Amino acid sequence: MTETMRAFVLTGHGGIDKLVYYNDWQKPTADAGGALVRVLACGLNNTDINTRVGWYSKNVTGATDSAANADAADDDATWGGAPVALPRIQGADVCGIVESVGSESDQHLIGKRVLIDTWLRDWEDPLNLTKTGYFGSECNGGYAEYCTVDCRNVHPIDCPLSHAELATFATSYSTAEGMLNRASVVAGDTVLITGASGGVGSALIQLAQRRGAKTIALCGEAKADAVRALNPLAILPRQPDDLARSIKEATGLENVSVVADVVGGSIFPQLIEALARGGRYVCSGAIAGPIVDLDLRTFYLNNLSFFGSTILRPGTFADLVGYIAAGEVKPLLAATYPLEKLHDAQKAFVKKAHTGNIVVEVGE
């Protein structure tokens, strides 16, 4: 008989009911160059939810939320603008144990606790952005007892952190590191960070400070204490009446050299006005809304540079694993749920009442 496993499966674009739990889903088998990973824990991320509700569709112009977007079109409802193959097991942020590997894989991986690099590449053309995919989107991911992936995406990790803590890193922290790479953040920069209490935002604070940059965090008052523990230079309200004035009052600075934005929406014009001449704006999300107002005179007269950041350059994830193992960044684990409670976990995630990341625990 075919071996089976527990899994949550996305069956279509829509509400939470499109995620269906099975206790008899077929267990995958690694190909010659792959690894079979027994999933211990898998973190939640915005990509999974945005894909489920269809938010990536260009027909959708509002903020991300927990409800399905009726205007979404199936042919562009995923991050890459192409239809996702359904049914699909989502979940990118896997911490697991390598159970077996294919005939052409590194046999030494067997038995190792690992993290999975979320970016799928054509390894014969790894810099080609059009040949990339995302774990849990263009292939099955970690909301299941087992998953498979190319062995070159598997990174052993040796550290005292728990499985759930390790499952907070992959998407949020690699996204943050990718943003900082795109904006060439270095010591001496001052980085203004939106959504600072979220997974990417809290990672941006840590990773920017690791580079020697100063950080200014925007977050809601209820989450300020948790963000303060990350030691930003200042914490400002999520929607200040006058952002430039708030920055000066809190720090004495006239402006910032970098804005790292995952929010977008109505605050966008103030973010751009807060940049110094020659400043850099980098974006990897738009949870408050993707359609923004831009005065092109501010953009070109101030010699600003804008960067979109999604696909990571090769080596970024390996760098992150090194930071984790060395204790240079710390996890922010907001809550854990058993795999069977993924619906509850996603409902909590979209409420945005937490700081850090939420994780489903799958195995031991």
Side-chain angles (χ1 to χ4, degrees), residues 172-173 175-289 292-294 298-299 302-309 323 328-330 332 352 354-357:
S172 295
Y173 285 67
T175 296
E177 184 72 358
M179 293 173 72
L180 299 175
N181 286 340
R182 289 282 284 162
S184 301
V185 172
V186 295
D189 277 321
T190 300
V191 184
L192 177 65
I193 298 166
T194 65
S197 63
V200 177
S202 57
L204 279 165
I205 295 173
Q206 294 188 62
L207 290 167
Q209 291 174 172
R210 180 189 169 278
R211 296 177 180 224
K214 299 182 179 67
T215 58
I216 300 173
L218 299 184
C219 72
E221 183 177 356
K223 303 176 185 178
D225 285 344
V227 173
R228 190 169 291 111
L230 300 176
N231 298 313
L233 178 65
I235 299 175
L236 304 179
R238 182 174 56 191
Q239 291 281 350
D241 294 331
D242 186 331
L243 178 58
R245 184 180 66 194
S246 296
I247 290 172
K248 186 171 183 179
E249 289 176 350
T251 68
L253 299 172
E254 295 289 339
N255 43 48
V256 298
S257 55
V258 178
V259 168
D261 185 21
V262 296
V263 171
S266 61
I267 198 175
F268 178 84
Q270 290 198 67
L271 299 176
I272 304 310
E273 292 290 346
L275 281 168
R277 185 159 290 178
R280 294 100 74 197
Y281 169 89
V282 60
C283 177
S284 71
I287 60 175
V292 298
D293 291 324
L294 171 63
T298 304
F299 174 55
N302 286 342
N303 279 53
L304 302 181
S305 297
F306 282 15
F307 300 93
S309 182
Y323 308 156
E328 296 176 0
V329 292
K330 64 180 182 179
L332 289 179
K352 303 299 183 187
H354 61 286
T355 300
N357 204 7

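By convention here, the first residue in the shown sequence is residue 1. Quick caveat: nothing in here was measured; it's all calculated off a predicted structure. Note: hydrogens, waters and symmetry copies are ignored here, and every other heavy atom, side chains too, is used.
Annotation: salt bridge (Lys or Arg N to Asp or Glu O under 4.0 Å) contacts of K352 (sequence neighbours excluded): none. Residues that satisfy the salt bridge (Lys or Arg N to Asp or Glu O under 4.0 Å) test with D241, not counting sequence neighbours, are absent from this structure. Remark: I287 pairs with T64, V263 by the side chain to side chain contact (heavy atoms under 4.5 Å, CB included) rule, at least two apart or across chains. A244 pairs by the side chain to side chain contact (heavy atoms under 4.5 Å, CB included) definition with D242, not counting sequence neighbours. Checked against salt bridge (Lys or Arg N to Asp or Glu O under 4.0 Å), E254 has the following partners two or more places apart in sequence or in another chain: K248. Taking the side chain to side chain contact (heavy atoms under 4.5 Å, CB included) definition, one finds that R182 meets it with V282, F307, S309, sequence neighbours left out. Every residue meeting the side chain to side chain contact (heavy atoms under 4.5 Å, CB included) condition with P240, not counting sequence neighbours, appears here in chain and number order: L243, S246, I267.
The stretch residues 247-272 participates, sequence neighbours left out, in these ring-ring contact (aromatic ring centres under 6.0 Å, His included) pairs: F268-Y281. Within the structure, no pair that satisfies the ring-ring contact (aromatic ring centres under 6.0 Å, His included) test touches residues 237-260, not counting sequence neighbours. For residues 264-275, the pairs satisfying side-chain hydrogen bond (donor to acceptor under 3.5 Å, both in side chains) are E273-T298, with sequence neighbours left out. A ring-ring contact (aromatic ring centres under 6.0 Å, His included) check over residues 212-253, counting only residues at least two apart or in different chains, returns nothing.
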Validation: residues 185-192 side-chain donor-acceptor distances under 3.5 Å, sequence neighbours left out:
| unit_1 | atom_1 | unit_2 | atom_2 | d |
| --- | --- | --- | --- | --- |
| D189 | OD1 | S257 | OG | 2.9 |
| D189 | OD1 | R280 | NH1 | 3.2 |
| D189 | OD2 | V186 | N | 2.9 |
| D189 | OD2 | R280 | NH2 | 2.8 |

Next item on the list: Would you sort out whether R277 and N303 count as a side-chain hydrogen bond (donor to acceptor under 3.5 Å, both in side chains), showing the intermediate values?
Entry: CA-CA 6 Å; R277 185 159 290 178; N303 279 53; 5.9 Å; no
Item checked: R210 vs E177, salt bridge (charged side-chain N to carboxylate O under 4.0 Å, His left out): CA-CA, chis, key distance, verdict -> CA-CA 11 Å; R210 180 189 169 278; E177 184 72 358; 5.0 Å; no
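In K223, the NZ atom is crowded: over 12 heavy atoms of neighbouring residues, nucleotides or ligands sit closer than 6.0 Å.
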